[in-house]
Amino acid sequence: MKKREKEDEEGLLNRRNIHESSSSVFIDDRPDSPSLENVDFSPWPHVFNLANCIIGVSMLAMPYVFQQCGILLAAVMIAICAVLTKLTCHFLAHTAFQTKTMNYESLAMSTLGQNGRRFVELCLLVFLVSSIVAFIVVIGDIGPHIVAEYLELEAPTQRLRILVMVLVITFIVLPLSVIDDLKKFSVISSLACLFYAIFVLRMIMESLPTIYDGEWSIHVVWWRPQGFLTCLPIVCMAMCCQTQLFPVISCIRNVNVDKCDLVISQAINICAGMYAAVGVFGYVAFYSHELHGDVLVQFAPTLVTQSLKLAFLLSIAVSIPLMLFPARTALFCLLLREKDSVAPTVDLEKFTFHILTILLLIFNTVLAILTPNVEFILGLTGAFIGSLVSTIIPSMMYLSYNRDNNTEVSNRARKVKDMSMAAKICLIIGLFILIASTCAILQAENKTSVVEKPKAKEDIGVEEKPMLKSLESLEERVLDANLNISQKLDDISEMAAKGNESEAVRMLVEMKEQQLQQQMLIQKQEKIVAQLNKAEKAKAPPSEETVTVGNNILNSTSV
C-alpha cells in the first residue's frame, strides 16, 4: 500500500498539462515548491481582477441590508457568506485540477455528465445575465439623478433613465466589451478597486457628524431577523465570484490550487471589509431615512457628491465587460457548440465574439429598463439562480467527483472526507437560500425612484435648500426625542411603583439629559427658521406660508 501511494504521488508530481489559450486555465497538479516561479509570484494583479468582479453594485445595497437586518446580524451574514464563497471556490478549483478542465461548463461535463452540463450552462447564462442587468440598473439609478440635478428636476423620469442607460452602454461598455484579452483589464480593475476604497472613506466621512452627535446609537437596529431572508441572497450575491473564477485564474502562470486559494482569499477579504464598512457607516449616516438598494441617492447634490456618483457609474460600467467573458462562453456552449463536443476549451472567432457581445448587451439593457430597482434584481438573482451557480452546483460537482474517484485510505483521503462534509453543509445552505429567500423576495414590495412625468423643483434658492433639509432632519430628531422621553416617564413610574428607586433615579437623570439635548435641537430649529424668513424677506415681501410652516414645525416638536 505504501509503495502504491508513493507511485501515485510521483505520478501527480510529473503530470502537467498547459493549454495556452485566452479562455483556458493553466492546469498544474504539482504542489507548490520553493521554485523561482513561485517565489516571484505576485497575486495582486489577479486579486484586483477578481475583486473587481466581486465588488460593485452590491456595495450600494449594503446600508439597506444593515438597516433591514441590524448591524450585528448583517455583519454575521457577511462573514458567513465570505467563508461560503471561499469554500465553494476551492471546490471548483480543486475539482478542475483533478479533472483537467478549464471552464465551468467542462467541469460540469466531467462531474455531472451531458445533462448536467446543459443544466449548468443554462443556469450560468441566466445568472450572468441577471448580474449584468443589476449593473445596468444601477447605472440607470445613478446617471439620471446626476442629469436631473443639472436640469433642476425634482426626480428623474423614466425616459431620462432609458436614455442614460443606452448612452453609457453604447459609448463606454460596448467599446470595452470587444477587448478579448482579460489581462488588459488588470490596470483598470486596480483603479476601480482604488475608487471603491475612496468611496468607503467618503462614506465614513459622511457618518462622522452623526457619530459625534451620539443619537444614532439609540435609534439604529442591532438585530432584526425579519429582514434576514430577503437580505441573505443579496449578501451572497455580493460575494459571488464563482462564474468569473476560471477566466481570472487563466491569467496566472503555472497555476495550482494553492495559488488559486491565495488569490481567492485575499480578494474576498478585501471585498468583505469594504462591504462591512460601507454598510455600517452608511446605515449610521442615514439611519433616519428609509434606505433602498442605492445609497448614493441619499447624498446631498453637491459638486463632490455628483463627481462621486459619476465615478461610481464609470467603475460599474467598466465591470460589465468582465461579466461578459463567462457570459459569452455560456451562451456559445448552450446554443452554438456541437452537442457531443468534449473540448476542454472554448475559442471564439472574432465575428462570433462580437455578435454575442452585441446580442447580450441589447438583451440585458432591455431587461434592465423593465426592472424597477436594484435590490429586487439582486435579491431574486442571489436567491434563485445565484444559490444554484455559486453554492449548490459547486458542492454537487465536488461531491460527485470525490464519491467516484476517492477510494484510497490515506491522509489525503481523510482531508477530502472533511472537505466533503463542508461541501454537504454548503449544499444544505444553498438549498435553504433557494427555497426560503426566493419566496420572501417575491412577496416583498418593489419601489422605484423615477417618475412618469418631469416635474421641476420648487423655486427655492440654492442657499435655502440645505437649510430646509437640516430643518427636516432636526424635526425628526426632536420627535424621536419626544417619544424617548415619554417612554422613560412611563418606565420611571413603573420602577417607582415596584420600589426600584435607584433605577428610577438613573432613568430620571437620562431623561433630563435628553431634555437638554432636545432644547438645543429646538434652538437650532429656531435659528434656521429665522434665517429662512430673513432670506425670504430679502427676495420679496414676507411669505406668510414660509413663516407659518416654520412656526408649525417648532410648535409640533416642542415638549
Side-chain angles (χ1 to χ4, degrees), residues 25 50 53-54 80-132 232-233 235-249 257 260-261 264 268 323 325-327 329-334 337 342 344 346 380-405 416 419-438:
V25 175
L50 188 59
C53 293
I54 298 172
I80 292 176
C81 291
V83 174
L84 190 68
T85 304
K86 290 181 181 180
L87 287 173
T88 51
C89 286
H90 173 79
F91 298 154
L92 288 174
H94 175 82
T95 311
F97 277 77
Q98 296 297 320
T99 57
K100 298 289 186 180
T101 51
M102 283 141 280
N103 54 57
Y104 207 121
E105 297 85 350
S106 300
L107 181 58
M109 178 67 181
S110 300
T111 55
L112 302 178
Q114 180 71 27
N115 293 330
R117 185 183 74 172
R118 287 292 181 186
F119 177 73
V120 168
E121 288 170 350
L122 179 61
C123 290
L124 274 175
L125 185 60
V126 175
F127 174 77
L128 292 166
V129 165
S130 302
S131 301
I132 297 172
L232 179 60
V235 180
C236 290
M237 179 80 173
M239 291 294 177
C240 181
C241 62
Q242 288 85 348
T243 55
Q244 295 93 352
L245 180 63
F246 289 99
V248 170
I249 65 177
V257 176
C260 291
D261 288 342
I264 293 166
I268 292 176
M323 304 289 295
F325 274 91
T329 302
L331 182 60
F332 177 83
C333 292
L334 186 64
R337 188 173 61 179
V342 294
V346 177
L380 185 61
T381 301
F384 187 64
I385 300 297
S387 59
L388 281 169
V389 172
S390 63
T391 306
I392 296 175
I393 294 176
S395 302
M396 289 177 61
M397 290 192 294
Y398 182 84
L399 291 172
S400 176
Y401 174 79
N402 286 285
R403 182 188 61 218
D404 297 335
N405 295 276
V416 169
M419 294 304 298
S420 298
M421 180 59 66
K424 293 177 182 178
I425 295 174
C426 293
L427 181 61
I428 294 173
I429 294 175
L431 292 173
F432 172 78
I433 297 173
L434 174 65
I435 298 172
S437 295
T438 301

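FYI, the numbering just counts along the sequence from 1.
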Next on the checklist: Do Q242 and C89 have side chains that approach each other closer than 4.5 Å (heavy atoms only, starting at C-beta)?
Outcome noted: yes
Next on the checklist: Quick check: closest heavy atoms across L232 and C81, and the distance to 0.1 Å?
Outcome noted: CD1-SG, 4.0 Å
Checklist entry - CE/M397 to CG/L107 distance, rounded to the nearest 0.5 angstrom? => result 4.0 Å
Item to check | Reported OG-to-CZ distance for the pair S106 and R117, which is rounded to 0.5 angstrom | outcome: 7.5 Å
Checklist entry - Should the pair H90 and Y398 be assigned to parallel (<30°), tilted (30 to 60°) or perpendicular (>60°) ring geometry? => result tilted
Item to check | From CG (L431) to OG (S387), nearest 0.5 Å | outcome: 8.0 Å
Next on the checklist: Please check this pair: side chain of Y104 against backbone of L245, looking for a donor-acceptor N/O pair closer than 3.5 Å.
Outcome noted: no
Next on the checklist: Using side chain to side chain contact (heavy atoms under 4.5 Å, CB included), reason through Y401 and S110 one step at a time and then give a plain yes or no.
Outcome noted: CA-CA 8 Å; Y401 174 79; S110 300; over 6 Å; no
Next on the checklist: Looking at every non-hydrogen atom in both residues, tell me the closest pair between C241 and I54 and how far apart they are.
Outcome noted: CB-CG1, 3.3 Å
Checklist outcome for this item: Nearest heavy-atom contact between C426 and L84 is SG-CD1, 3.4 Å
Checklist entry - Checking T101 side chain against F97 main chain: does a donor-acceptor pair fall under 3.5 Å? => result no
Checklist entry - Any donor-acceptor pair under 3.5 Å linking the side chain of S400 with the backbone of T111? => result yes
Checklist outcome for this item: Heavy atoms of C260 and I249 approach each other most closely as SG-CD1, 3.8 Å
Checklist entry - Taking T88 for the side chain and T85 for the main chain, is one N or O donor matched with an acceptor at less than 3.5 Å? => result yes
Checklist entry - Any side-chain heavy atom of F91 within less than 4.5 Å of one from L399? => result no
Item to check | Atom pair CD1 (I264) and NZ (K86), whose distance is rounded to the nearest 0.5 Å | outcome: 10.0 Å
Next on the checklist: Before you tell me yes or no, could you show the steps for F127 and C240 under side chain to side chain contact (heavy atoms under 4.5 Å, CB included), namely the whole-Å CA-CA distance, both residues' side-chain angles and the distance that decides it to 0.1 Å?
Outcome noted: CA-CA 11 Å; F127 174 77; C240 181; 3.2 Å; yes
Checklist entry - Do R118 side-chain atoms and L334 backbone N/O form a donor-acceptor pair below 3.5 Å? => result yes
Checklist entry - Should I433 and T391 be marked as a side chain to side chain contact (heavy atoms under 4.5 Å, CB included) after you check the CA-CA gap, both sets of side-chain angles, and the distance that decides it? => result CA-CA 10 Å; I433 297 173; T391 306; 5.5 Å; no
Checklist entry - What's the shortest heavy-atom distance between S131 and M323, and which atoms? => result CB-CE, 3.2 Å
Checklist outcome for this item: Note: P326 and L128 closest approach over all heavy atoms is C-CD1, 3.5 Å
Checklist outcome for this item: Rounded to the nearest 0.5 angstrom, the SG-CG distance for C333 and L122 is 12.5 Å
Checklist entry - From N103 CG over to M109 CE, what is the distance, rounded to the nearest 0.5 angstrom? => result 12.0 Å
